[in-house]
Amino acid sequence: AGEDLQGYFDAIVAADQKVEPRDWMPEAYRKTLIRQIAQHAHSEIIGMQPEGNWISRAPSLKRKAILLAKVQDEAGHGLYLYAAAETLGISRDELVEMLIDGRQKYSSIFNYPTLTWADVGAIGWLVDGAAIVNQVPLCRCSYGPYARAMIRVCKEESFHQRQGFEILHTLSHGTPGQKAMAQDAVDRWWYPSLAMFGPPDGDSTHSERSMAWKIKRFSNDELRQRFVDMCVQQAGVLDLRIPDPDLRWDEERQQHHYTQPDYDELMRVIKGDGPCNQERMEHRRRAHEEGAWVREAAMAYAAKRENSAV
Ligand code: FAQ
């Protein structure tokens, strides 16, 4: 029977069909998905902090309303993703616990500070842009609940990317001071955004297996390349410079040659030693503790309703 189950799973993956929560799946497949989906969910929640920093200081009421909506969308993405992870037999409480005690990670990118308003534009353009390039292929991931969550998430990320682009476009066509501020933000966010795609393929521990299982559809380097090619064209429209003196079109390979991000820095940031790691985790822990009464009240209310329904 064990062989039949494995054979059925292999056939579903080979036929590009979806594995669903009640289907048998290899334990390592389940574990990899929990790791990746949880890391993704935590990233959405921690990712609210850098931009949340600018809600009270947005330059106009309109910008503030847009930013509020964007940050709320990130919370929504986190919730869909926690729900997708729960279909694999783990609870949201356990996942949050693992984030808070450091056993699970979140994206390196959210450990960098947002120093000016232009950073909100650069995050939208570059960070959401990288997220889209990474997540569009995840809409075809072999695990049904993750793939379906990604469809809606990608639509919203696409709006986020455009709002960031529009902020930068406005600044870069404004006063010389505004243009310089936009350029400075792009200078600081470029390499950390390239690092979001993970270590180079040769050092990526999970890629081979995740690609065989069709969780990942492209390697880290393939997606990073796609992102660079996309940004070069858009930077032209923005009239902003990508901070890489070696960036050039490679006629032979039909893609851009570019300077790799500092992967030692990526590893340091992942291990907890980035500019804002401590601040982000302290903020998350505090919010979790201070929100305990809300969770308790919701549970008490649910129990009361259940009793009165009997
Ligand atoms: N940061 O073997 P690989 C967003 C870890 S977008 C931290 O290549 P894998 C939207 C990796 O976990 C950001 N850790 O790993 C938004 C592994 O560690 P482990 C979130 C990283 O999984 C925008 C080790 O290094 N998006 O939130 C990073 O095959 C604006 C070896 O790496 C996703 O999570 C990193 N950058 O490939 C929100 C997308 N890179 O667990 C708010 C889904 C690698 O063995 C505002 N995730 N690591 O100890 C993925 O596609 C993959 O997990 C990768 C990594 C591509 C990130």
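Counting convention: from 1, in listed order, for ligands and their atoms alike. Treat the numbers as computed from the prediction; the structure is a model and nothing was measured. Excluded from the calculations below are hydrogen atoms, water molecules and symmetry mates; all remaining heavy atoms, backbone and side chain alike, are included. Residues: numbered from 1 along the sequence shown.
Using a 4.0 angstrom heavy-atom cutoff, Phe218 does not count as in contact with ligand 1. Using a 4.0 angstrom heavy-atom cutoff, Lys216 counts as in contact with ligand 1. In this structure, Gln104 falls outside the shell of residues with a heavy atom less than 4.0 angstrom from ligand 1. Put simply, part of Gln135 is less than 4.0 Å from ligand 1, judged by heavy atoms.
Hydrophobic cluster membership of Ile270, counting Ile, Leu, Val, Met, Phe, Trp and Tyr whose side-chain heavy atoms lie under 4.5 Å apart directly or via other members: Tyr263, Leu266, Met267.
The distance criterion of under 3.5 Å between nitrogen or oxygen atoms is met by Asn134 with respect to ligand 1.
Looking from atom 10 (C) of ligand 1 to the surrounding protein, the closest heavy atom is Glu157 OE2, 3.3 Å. Of the protein's non-hydrogen atoms, the one nearest atom 13 (C) of ligand 1 is Ser107 CB, 3.7 Å. Scanning the protein for heavy atoms near atom 3 (P) of ligand 1, the closest one is Ser204 OG, 3.4 Å. For atom 16 (C) of ligand 1, the nearest protein heavy atom (residue, atom name, distance) is Phe110 CZ, 3.7 Å. With hydrogens left out, the protein atom closest to atom 44 (C) of ligand 1 is Pro199 CD, 3.6 Å, a heavy atom. The nearest protein atom to atom 12 (O) of ligand 1, hydrogens excluded, is given as Gln39 OE1, 2.9 Å; this is a heavy-atom distance. Protein heavy atom at the shortest distance from atom 47 (N) of ligand 1 is Gln36 NE2, 3.5 Å. When only non-hydrogen protein atoms are considered, atom 23 (C) of ligand 1 lies nearest to Asp128 OD1, 3.3 Å.
His77 places none of its side-chain heavy atoms less than 4.5 Å from the side chain of Arg152. Between Ile45 and Tyr106 there is no side-chain heavy-atom pair separated by less than 4.5 Å. Residues Tyr29 and Leu33 form a side-chain contact, since some pair of their non-hydrogen atoms from C-beta on lies under 4.5 Å apart.
The nearest non-hydrogen atom to atom 18 (O) of ligand 1, considering only Lys105, Met196, Arg224, comes from Lys105. Closest heavy-atom approach to atom 21 (C) of ligand 1 within the set Ile270, Ile109, Ile45, Asn220: this belongs to Ile270. Around atom 1 (N) of ligand 1, the closest heavy atom drawn from Pro261, Ser108, Ser210 belongs to Ser108. Which of Glu74, Met150, Glu44, His42 comes nearest to atom 46 (C) of ligand 1 through a heavy atom is settled by distance: it is Glu74. Among His206, Arg35, Arg103, His160, the residue whose heavy atom lies closest to atom 2 (O) of ligand 1 is His206.
There is a protein heavy atom less than 4.0 angstrom from atom 42 (C) of ligand 1.
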Derivation of the ring-ring contact (aromatic ring centres under 6.0 Å, His included) call for Tyr82 and His42:
CA-CA 9 Å; Tyr82 283 129; His42 300 327; 5.5 Å; yes
Hey, mind stepping through Val19 and Trp24 against side chain to side chain contact (heavy atoms under 4.5 Å, CB included) and telling me if it holds?
CA-CA 8 Å; Val19 177; Trp24 180 88; over 6 Å; no
Determine, step by step, whether Ile46 and Arg284 satisfy the side chain to side chain contact (heavy atoms under 4.5 Å, CB included) criterion, reporting the C-alpha distance in whole Å, the side-chain angles of both residues, the deciding distance to 0.1 Å, and the verdict.
CA-CA 7 Å; Ile46 299 276; Arg284 182 80 248 114; 3.8 Å; yes
Under the salt bridge (charged side-chain N to carboxylate O under 4.0 Å, His left out) criterion, do Arg162 and Asp128 qualify, and how do the steps go?
CA-CA 9 Å; Arg162 283 170 202 204; Asp128 286 282; over 6 Å; no
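With sequence neighbours left out, the side-chain contact (heavy atoms from CB on, under 4.5 Å) criterion links Arg22 to no other residue.
Using a distance-only test at 3.5 Å, with no hydrogens or angles considered, a donor-acceptor pair links the side chain of Ser308 to the main chain of Arg305. Although no hydrogens or angles enter the test, the distance criterion places a donor-acceptor pair under 3.5 Å between the side chain of Ser142 and the main chain of Trp213.
Of the candidates Gln163, Glu156, Glu51, Lys70 forms a side chain to side chain donor-acceptor pair (under 3.5 Å) with just one, namely Glu51. Evaluated for a side chain to side chain contact (heavy atoms under 4.5 Å, CB included) with Gln135, the options Leu138, Ile132, Val133 yield exactly one hit, Leu138.
Under the 3.5 Å distance criterion, with hydrogens and angles disregarded, a donor-acceptor pair is assigned to the side chains of Asp229 and His256.
Numbered from 1 in the order shown, with element, the atoms of ligand 1 that lie under 4.0 Å from a heavy atom of Phe197 read 56 (C). Every atom of ligand 1 with a heavy atom of Glu51 under 4.0 Å away is listed here by number and element: 46 (C). Residue contact check: Ala195 has heavy atoms under 4.0 Å from atoms 36 (N) of ligand 1. Close contacts between ligand 1 and Ala131 involve ligand atoms 6 (S), 10 (C) [criterion: under 4.0 Å to a heavy atom]. For ligand 1, the atoms closer than 4.0 angstrom to any heavy atom of Gly198 are 40 (N), 44 (C). Heavy-atom proximity to Lys70, at under 4.0 Å, picks out these atoms of ligand 1: 30 (C), 46 (C). Each of the atoms 43 (C) of ligand 1 lies under 4.0 Å from some heavy atom of Tyr146. Listed by number with element, the atoms of ligand 1 under 4.0 angstrom from any heavy atom of Thr205 are 2 (O), 31 (C).
Closest heavy-atom contact between Val127 and Ser193: CG2-OG, 4.0 Å.
With a heavy-atom cut-off of 4.0 Å, Pro50 does not touch ligand 1 at all.
For Glu282, the CD atom is densely surrounded, since the number of other residues' heavy atoms within 6.0 Å is greater than 12.
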